Amino acid sequence: DVKVTQSSRYLVKRTGEKVFLECVQDMDHENMFWYRQDPGLGLRLIYFSYDVKMKEKGDIPEGYSVSREKKERFSLILESASTNQTSMYLCASILRGSYNSPLHFGNGTRLTVT
Amino acid sequence: AQSVAQPEDQVNVAEGNPLTVKCTYSVSGNPYLFWYVQYPNRGLQFLLKYITGDNLVKGSYGFEAEFNKSQTSFHLKKPSALVSDSALYFCAVRDVNRAGGFKTIFGAGTRLFVKA
């Protein structure tokens with residue numbers, strides 16, 4: 001069974017800090033995604049990657065960057081955290097070309113920026 | 001552009017009664033539709049999908065969904081609700097581009113409350 005692991009369940013950071021959110025999957029999936037989840041807005045795509053060192057902007061990339069140095073790991077970076085980045089962050093992965101298969105999600109990281 | 005609408009923020013139902021969570025979609029090609037469920041402080045779990053074939057799709061935990069092409073709807077249903085079904089439900093559509101790449105677009109979510 002696919003496992004997607006997000007390193008932290010809860011994080012509290014201060015405004016202006018650099019924040020790293022880590023995601024690791026164990027099924028050799030090429031495609032990985034970062035979403036943020038906010039009440040009433042559903043899931044919004046921040047960035048995605050379809051291979052090592054490849055990245056694509058999603059719908060709300062401003063204030064974020066990503067890193068994909070190894071196939072199994074996809075990191076989301078908040079260069080200078082702001083209070084409006086307080087949210088639930090979800091990582092997901094899927095095999096390339098599996099457009100009729102569901103995404104596999106981690107349990108999420110709830111980030112609070114004070 | 002592809003989009004998904006879940007018109008109800010919240011659905012309340014009594015245990016043992018049938019439930020319906022509504023979803024409508026807009027796609028430019030063949031729809032790939034999904035339902036996910038989220039329990040508190042957890043990620044999303046896959047419930048069921050429609051790719052092609054029968055309009056009534058059966059999934060996990062006794063849930064099913066009815067695909068209606070003319071109404072562009074994909075409503076989630078269950079004949080008899082359980083208190084443990086209380087959760088946040090997301091409808092999603094897959095946006096496949098010509099190169100074979102894809103993104104998944106989610107609705108805003110519907111919170112289901114099942115009262116004992």
Side-chain angles (χ1 to χ4, degrees), chain A residues 1-6 8-11 21 23 25 29-51 54-61 87-112, chain B residues 1-10 21 23 25 27 29-53 57 59-60 63 65 67 87-111:
Chain A
D1 208 12
V2 177
K3 190 169 183 181
V4 179
T5 303
Q6 294 183 232
S8 303
R9 293 297 301 276
Y10 301 94
L11 276 179
L21 303 183
C23 175
Q25 49 90 10
H29 286 173
E30 292 86 358
N31 293 353
M32 297 187 74
F33 305 81
W34 275 108
Y35 290 89
R36 66 174 281 176
Q37 179 184 0
D38 300 288
L41 297 177
L43 276 69
R44 293 179 292 167
L45 182 63
I46 305 171
Y47 266 96
F48 61 103
S49 169
Y50 49 87
D51 209 337
M54 307 299 284
K55 60 184 179 183
E56 294 281 344
K57 292 181 180 179
D59 300 317
I60 52 164
S87 186
M88 173 73 127
Y89 290 87
L90 293 166
C91 175
S93 73
I94 194 169
L95 200 62
R96 178 183 293 158
S98 300
Y99 48 82
N100 60 352
S101 296
L103 292 171
H104 298 271
F105 281 89
N107 280 332
T109 296
R110 188 167 294 280
L111 173 68
T112 302
Chain B
Q2 325 292 49
S3 65
V4 176
Q6 293 181 243
E8 302 154 315
D9 292 335
Q10 184 171 309
V21 182
C23 172
Y25 64 90
V27 298
N30 291 326
Y32 299 92
L33 299 161
F34 301 82
W35 275 102
Y36 293 83
V37 61
Q38 185 182 35
Y39 298 101
N41 298 312
R42 301 296 298 274
L44 274 66
Q45 297 177 31
F46 168 69
L47 273 181
L48 50 78
K49 66 180 179 182
Y50 173 84
I51 304 301
T52 186
V57 178
S60 306
F63 283 93
F67 171 69
L88 187 57
Y89 290 82
F90 290 97
C91 182
V93 63
R94 186 138 297 158
D95 179 2
V96 182
N97 64 37
R98 292 178 184 175
F102 57 89
K103 298 191 295 184
T104 305
I105 299 161
F106 289 85
T110 298
R111 189 164 294 282

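Throughout, protein chains are lettered first and strands after them, A, B, ... in sequence-line order, and every chain is numbered starting at 1. The structure displayed is predicted, hence computed values, not measured ones.
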| Main-chain N/O of A/N100 paired to B/K49 side chain as donor or acceptor, under 3.5 Å | yes
| query | Of all residues at least two apart in sequence or in a different chain, which pass the side-chain contact (heavy atoms from CB on, under 4.5 Å) check with A/S98? | reply | A/I94, A/L95, A/S101
[X] versus chain A, the contacting section by heavy-atom distance below 4.5 Å:
{"X": "B/R42", "answer": "both"}
{"X": "B/Y36", "answer": "side chain"}
{"X": "B/I51", "answer": "side chain"}
{"X": "B/L88", "answer": "side chain"}

Under 4.5 Å heavy-atom distance to chain B, tell me which part of [X] shows up: side chain, backbone, both or neither.
{"X": "A/D38", "result": "neither"}
{"X": "A/R44", "result": "neither"}
{"X": "A/Y50", "result": "neither"}
{"X": "A/L103", "result": "both"}
{"X": "A/L43", "result": "both"}
{"X": "A/Q37", "result": "side chain"}

| Who among A/C91, A/G58, A/G106 has the most heavy-atom pairs with chain B under 4.5 Å? | A/G106
Looking only at heavy atoms, what is the nearest atom pair of [X] and [Y], with distance?
{"X": "A/P102", "Y": "B/F46", "result": "CB-CD1, 3.4 Å"}
{"X": "B/A108", "Y": "A/G40", "result": "CB-O, 3.5 Å"}
{"X": "B/K103", "Y": "A/F48", "result": "CD-CE2, 3.9 Å"}

| note | OG1 (A/T109) and CG (B/N41) are apart, to the nearest 0.5 Å, by 11.5 Å
| said: Rounded to the nearest 0.5 Å, what separates atom OH in A/Y35 from atom OG1 in B/T104? | reply: 4.5 Å
| message | Which residues in residues 2-10 of chain B have any heavy atom closer than 4.5 Å to a heavy atom of chain A? | response | none
